[in-house]
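Below is one structure; the comments refer to it alone.
Convention: sequence-line order gives letters A, B, ...; per-chain numbering from 1.
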Amino acid sequence: MTPRPSEWGPPFRFKPEDLESLFVVLHEQAYKIIGPTVNDDAIVLGELNSTADLPVGWTDEQSGGSYRLARHSRPEFFHFASGPHSLKQYLHPPSVCLWTASRNGHGFEIMEKVQEAGKLAFVGVRACDLHALAILDKVFKAGPLPDSSYALRRSQLLVIAVNCTSPGGTCFCESMKCGPQVDEGFDLVLTEIEDEGRHFFVGQAGSESGRTIAAKIPQEEASSTDLERVETMLNDARTRMGRRLDTSDLKKQLYRSYDHPRWEETAERCLNCGNCTMVCPTCFCNTMEDVTDLSGVRAERWRKWDSCFTTDFSYIHGGSIRSSAKSRYRQWLIHKLATWVDQFGTFGCVGCGRCITWCPVGIDLTEETAAILESNSTSTPGMK
Amino acid sequence: MPSTRRPKLAVWKFASCDGCQLSLLDCEDELLQVAEVIEIANFPEASRAVVRGPYDLSLVEGSITTPHDAERIHKVRRASKFLVTIGACATSGGIQALRNFADVNQYIPLVYASPETIQVLNKSTPIADHVFVDFQLRGCPINKRQLVEVLSAFLNGRKPNTPPHSVCIECKRQGTVCVMGNAGAHCLGPVTQAGCGALCPSYRRSCYGCFGPKETPNTHSLSQWWSSHGMMNADICRAYRGFNAYAEAFRRESEAREK
Amino acid sequence: MPKPSEEKARPAKNEEKAIQTPAKADGQFKITEDQIMKKRQGKSISVNFLARVEGEGGLMVKIQGGQVTEARLNIFEPPRFFEAFLRGRKFNEAPDITARICGICPVAYQMSSINAMENLMGVQVERSIRELRRLLYFGEWIESHALHIFLLHAPDFLGLPDALAMAKDHGPLVEKALRLKKIGNSIINLLGGREIHPINVRVGGFFKVLTRARLQSLISELSWARDFSIEAVHWTSQLHFPDFEMPYEYVALQHPEEYAILDGRLVSTSGLNIEAQDYENYFVEEQVPHSHALHSTLKDRGQYFVGPLARFNLNFDRLCAAAKKAAKNAKIEPPCRNPFKSIMVRAIETLHACDESLGIIEHYEPPARAASDIRVGPGTGYGCTEAPRGILYHRYDLDSNGIILNAKIVPPTSQNQKTMENDLLHFVQKNLALPKEQLTWRCEQAIRNYDPCISCATHFLKLSVVENPEE
Amino acid sequence: MATESEGLKLRNAPGTDPMRPALFEVHRVRQETRDTFTLELRSRGPSDGFQFLPGQFNMVYVFGVGEVPISISGDPNRPNALFHTTRAVGAVTKAMRRLRRGDVLGIRGPFGASWPVNEVSAREVIIVAGGIGLAPLRPMIYQLLSQRDQRGRVVLLYGARTPDEILFTHELQQWRTQLGLEAFVTVDRAHGDWQGNVGVVTTLIPKAPFDPSQAVALVCGPEVMMRFTVMELSKRGISKNRIYISMERNMKCGIGLCGHCQFGPYYVCKDGPVFRYDQVQDLIPLREI
Amino acid sequence: METLKPLLEEHPFLRDLSAEHLDLVVGCAKNVRFDPGKYLFREGQEANEFFIIRDGHVAVEIHSATKGPVIIQTVGAGEILGWSWLIPPYQWHFDARAVEVTRAIALDGKCLRGKCEKDYHLGYELMKRFSHIIEERLAATRLQLLDLYGNGI
């Protein structure tokens, strides 16, 4: 990591019980705190009232098509990998009313729905999800016609990130260069250290507001040993990724793979249920639904998460452009790992592994991609 | 576009539990409004008054199970400009279509005292097997929000928002934790059409397919997965033999697992 | 694409008539309009299509020489063979499958089947689970009674075709009725996931139990509902009731402390007092040719009457104080033998259900676990609960894998069928002087006293598929 | 990234939410053919006119029914009136056809990349249109004909299904006689009394009067027709970087935020709908992309 | 005859034909002119020639009992009309009607058939050129069948 002293504060160290003071500060600053908590047998994102709501003593076991909440004996707050939820739920909500309209005579008038966006502080954000946030920013904020409601929600966000030292069985952020170390886009980053009975946090502010908040936590200066410990733990995490993906030349290789036979094989397994797109922290596709009341006087426009795995997604008069399951899986994967690069200058994948864990039949993006890359030399032409 | 004449609505019942037409009466908040914008012309469960047809909109509940009903449905079709089937019975034969899988010869010893007084068809079949259906609203039972949506769409001349995609999409939009990935449940959500509000998973229960197969369902792959995780064929077969057992994709899969 | 047959559209007028003709049971008891015309020489009342009941039925009363010679309730709802296809299903599927017998009282089916399974397995659920079940069931009572009182039955008393017509003169009342109905539904919704065919109940308990806070969200509406129920009791007491009483034998469940709903002993006004599992030793069913529903009778005693009136007459002292008080104010007390007054009793039961529900919510502590462990084993289990319309009996035989070998289900409407026909017989006899149109309407009303649930009633046929090659 | 074809992209009045429709009133309805019609719209709000570039589209909202993308078919030099020509095939377009003078529509736009307005100004232009595909090209024809002093010949090859389905017949005549447009029309089938060409529009290309080394081709029609048209144009020797096509895909937002209109690395709504052929030539042969 | 040779020589259809073969073809050619409404040939007639349209416009029609004449294709200046003379039983399958004054060179197919039988090189050259035309027409007809403008996609 290259420290950027101008923005970043000095590393400091604090006791686990002082994490509560962070919560207190956030509440004082009128933030609603969103973070990991145990609910419905999973570590999900939810509103946290205090550190007691954090999943202390809980971890998870993840593999293709499987997530299991598990107990562990250590006192850590953040000893788990990505859960089923991501920041997307909050910044790009699954269902938003954009406006309402009401009829008057021949005409009608449109009233914009004022988007509520309170101040949200996310606690425990991993590097993968921060990269996903950066990607959503590119999609919704960077273009010539940005999404105003996204921008509004985004502007009121505070990020307390956590360096990931417990990658899961489906993680591959290391391959995507999106983790496990938090390197940008945070207000405060924490590393939780627990060994041989010593349990403490190393923190560092990454923004002005982060610095203000950090200052309120009882702390001492972090020693060079502490910092080395952080470094070691992150390096260790890098070697414990459950999955990996070779990204060199990935885009070009995939552009050549449109007619690869593997798509057909995957399509036989793919349920085209859309789970991967729903749990993906960067999948942003959405649809508009126009609804009316019975009297026909009131109408509303809703924006809802959509998935490229449906036939409606590509429907134009006369039929669906992507009617085969093969073409839909291909669209998704090539979008994530190739066309996304052309559109937004980055992969659409951050290596969080959610699509692998939550695929009901365990289809593995890294495995599919590897299979295509491996035999691409024999494959047929596609896009150059 | 609302016009001056209220469209005439008729509700018809075939073999069913009445739950789907009851959904209309369960729209407590909308019922009086419905009656304002639609003339409830023929709805025996709600009224003894009957207005003659033809009807602008017919809601048909239930499946065809008797020779008489097989004739009656044609009369209903002729009296209806726009015919919408409501519920699993009407769209896939319903729970009573379980008889379609039975061997009639095995039924004969069980026939009760005077079987000759009752005429029943061998199979319970959906309405669309008999007449042209303009729109099918799924569910066992239908979802009343979807029913109001279909009525609103009909009145406003738009396409109803009743997407044919999976329960999973609806489920994840709600932020529900997947019961399949997370609890290893035998959830039919990935092959079942949305519309119920992904109810079961939100109660930590696996989907049991009330809304029938979604578009392009890959039932085979789902069964394979279950099978490889120790589920017995008989149980897989039963999973597909629920309230939409006779819907093509479910029927095929259950038959494949029957041996 | 339309099939050719539809394209040859016939003139609309004829269709109407054709469509109004009910589906008939079959050849021998088919009552065509022609036959009815012929019978006019005597006199007959026939209602081809009973409106405002759940399911499809008709009724027919034959009068010859000033004597009513026959009264029949024709149930032409097609049989659906539930007991047949329950064979081979797993025990834990019974609650959801049997719920589909009836869209109006699915909770009743779920509760009876669960009781039967738990009875077989020797499961005792913890108190809070039992309380949640009672609450869910009360939700169904409220919803079903509100529907019946105001949307199905009351229009008869007011001489109106339906509740929508009622809404014109009694707007606020209908709106309140709908609100009451909605409250019943919201209880089911919250505890069960949806109003019709709830998804949250299982053998052993629930899939997910609610927090106190979620349950408490019901309180304010339920309090309103309790108040409105008092008003409803009063309102129904002001209706005009035909002077008609019959010496019924009432049968209901009885519980030592509660106004029975979930369980209890089977008792009657003529001294029956048995365990629910002895039901089949005391009750028999017979097939009648004019109906798709079996008729149930008490061995050696004949017809009997289940439902709100039965419960009221047998368990009056276990009603909550408010309900008793409302009954007193409305001047109704056991024994009540006028079936038309069932509308009042439903209102009283609604009040009781609201009151009890509030109590359950107030004292609710979430159970430690949503469901008890269950051990699947072979045997026979019995379950009997009080559906809104009366006792609903289930029996299952399971094998060692929990697969259903046999199922028997006796719904309330089939138990009341004989009594309904008997009522018709006597009621018509007594009111022969009425103009025919009015008498016909009264006959319908007499049937609606029973809130007949015809979809339920018909599933009851034993397996009766007749090989009938489909054309 | 994205297209190099010129023109305004994603222009919207400052300060307004691109997701919120502006209200326009139907001024006139003109039935073009049995199922195709043109709506002439006037802004309801305070407006200095509706500025757009040829080839751009709007998201058109019918109250209570829904929204669809429809290209603009009017004259870019007459911004006071907004024209949309469309066929009534779905719920929204069918509802549009029922609209009458004074009825109100919601409009979001203009969106998307335009035809290469500047590149063609000093060149010969060959326009190939199929069916309703003439509508998105009409603004370009207006534009070209308005500058005819500064420019080379404009040739239009237009294929319709039957003589009854030829769009803008009156204008075609006018353009021919008064403005020197060289228009050749062909139909797929005709009765004996039809005096014109019969055959698909591609059959007109080999004998069309243009100089392949000079001309720029603008093509709009069904995708299959465009594929074959490009083939014929290439045979005549027009290079692929002087052929432009206009694509159709499902669109929900019109501004690249919903993902529906993806076409390989492009979003048709903002990188297109007009593409220079060499940008997409590798994508065109791919199935179900 | 002398007037026709330069014309035929330059026509793309016959371009690059050897001088010898060109002479054979020229030997079978004559100028024809049709007023509007005149038929170049009718369905069922013996097909003994083909036409190189010089100017004008010819509609190829098929007659249907209920719809009357339906035009399935039009042929104009520079195009070749007719190949039934090449394929037994040498009968026209369609009607060809001049829509406007049409001038063409008619080539005697019967005569050419004989010459082709004798000289396979000539036969091959002509066959090659006609098969190209047939292929083009077939492709165009297929597109027409797609009813592209009617259904979208």
Side-chain angles (χ1 to χ4, degrees), chain A residues 98-99 101 103 105-110 112 139-140 143-150 255 258-259 283-288 290-292 296 298-299 301 303 306 308 312-318 320-324 326-328 330-331 334-335 338-345 382-384, chain D residues 1-2 9-12 17-23 25-26 44 59 61-68 87 89-90 92-93 99-106 111 222 248-267 270-271 281-283 285-289:
Chain A
L98 296 177
W99 45 256
R103 181 188 288 285
H106 284 287
F108 58 93
E109 55 181 349
I110 292 178
E112 246 162 289
V139 174
F140 288 116
L145 290 177
D147 182 66
S148 55
S149 65
Y150 177 89
Y255 273 159
Y258 274 90
D259 290 324
C283 271
F284 61 88
C285 288
N286 56 79
T287 188
M288 306 294 168
D290 284 301
V291 297
T292 42
R298 240 178 91 89
R301 157 99 28 104
R303 177 161 80 184
D306 203 359
C308 53
D312 265 358
F313 190 81
S314 58
Y315 182 86
I316 57 176
H317 174 65
S320 179
I321 302 269
R322 291 187 279 274
S323 57
S324 73
K326 163 190 140 177
S327 67
R328 283 177 256 154
R330 182 183 67 185
Q331 157 67 22
I334 293 188
H335 188 211
T339 51
W340 203 296
V341 179
D342 279 336
Q343 293 163 355
F344 303 107
M383 260 180 63
K384 276 153 232 157
Chain D
M1 157 190 150
K9 288 179 202 166
L10 310 174
R11 216 183 39 82
N12 208 285
D17 182 347
M19 295 312 289
R20 177 186 166 149
L23 301 184
E25 200 170 293
V26 175
R44 266 214 159 175
M59 298 298 295
Y61 169 72
V62 179
F63 180 85
V65 183
E67 193 179 55
V68 285
R87 254 174 47 199
V89 288
V92 178
T93 45
L99 296 176
R100 291 292 166 259
R101 187 189 168 96
D103 287 341
V104 176
L105 277 172
F111 298 135
E248 185 196 357
R249 280 294 182 273
N250 189 357
M251 289 178 194
K252 295 288 181 188
C253 71
I255 54 176
L257 301 180
C258 78
H260 283 75
C261 65
Q262 280 190 66
F263 179 52
Y266 302 116
Y267 290 104
K270 64 179 182 128
D271 302 326
Q281 62 177 349
D282 292 338
L283 296 170
L286 299 175
R287 297 284 175 267
E288 297 193 273
I289 183 177

[X], part contacting chain A, at a heavy-atom distance under 4.5 Å:
X	value
D:E67	both
D:C253	both
D:R100	neither
D:L23	side chain

Polar side-chain atom of [X] near backbone of [Y] as donor-acceptor pair, under 3.5 Å:
X	Y	answer
D:N250	A:D312	yes
A:D342	D:Y266	no
A:W99	D:P21	no

Legend entry - A:R330 bridged to D:E288 by N-O distance under 4.0 Å: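 D:E288 and A:R330: not salt-bridged.
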
So how far is it from [X] [atom1] to [Y] [atom2], rounded to the nearest 0.5 Å?
X	Y	atom1	atom2	answer
D:K270	A:Q343	NZ	CD	7.5 Å
D:D17	A:L145	CG	CG	9.5 Å
A:D147	D:M19	CG	CE	7.5 Å
A:I316	D:C261	CD1	SG	11.5 Å
D:L257	A:Y150	CG	OH	11.5 Å

Inset, instruction - Check A:V341, A:T339, A:I334 against D:P265 for a side-chain contact (heavy atoms from CB on, under 4.5 Å) and give me the one that passes. - result: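 Result: among A:V341, A:T339, A:I334, A:T339 is the only option passing the side-chain contact (heavy atoms from CB on, under 4.5 Å) with D:P265.
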
Legend entry - Matching residue for D:Q262 among A:C308, A:S314, A:C285 - test: side-chain contact (heavy atoms from CB on, under 4.5 Å):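 Among A:C308, A:S314, A:C285, the one meeting side-chain contact (heavy atoms from CB on, under 4.5 Å) with D:Q262 is A:C285.
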
Inset, instruction - For the pair D:F63 and A:F108, name the ring-plane relationship: parallel under 30°, tilted 30 to 60°, perpendicular over 60°. - result: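 Plane angle between 30° and 60°, so tilted.
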
Inset, instruction - Evaluate the ring planes of A:F313 and D:H260, with Trp represented by its six-membered ring, and classify them as parallel (under 30°), tilted (30 to 60°) or perpendicular (over 60°). - result: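 A:F313 vs D:H260 ring planes: parallel.
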
Against chain D, label [X] side chain, backbone, both or neither, depending on which of its atoms sit under 4.5 Å from a heavy atom there.
X	result
A:R301	side chain
A:D306	side chain
A:Q331	side chain

Inset, instruction - Could you pull out the closest heavy-atom pair between A:Y258 and D:G264, with the gap in Å? - result: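 Scanning both residues completely, I find the closest heavy atoms to be OH-CA, 4.3 Å.
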
Inset, instruction - For residues A:H106 and D:D103, report the shortest heavy-atom separation together with the two atoms involved. - result: ND1-OD1, 2.9 Å

Inset, instruction - Would you mind telling me which of A:G107, A:G345, A:S148, A:S324 has the largest number of heavy-atom pairs within less than 4.5 Å of chain D? - result: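 The answer is A:S324.
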
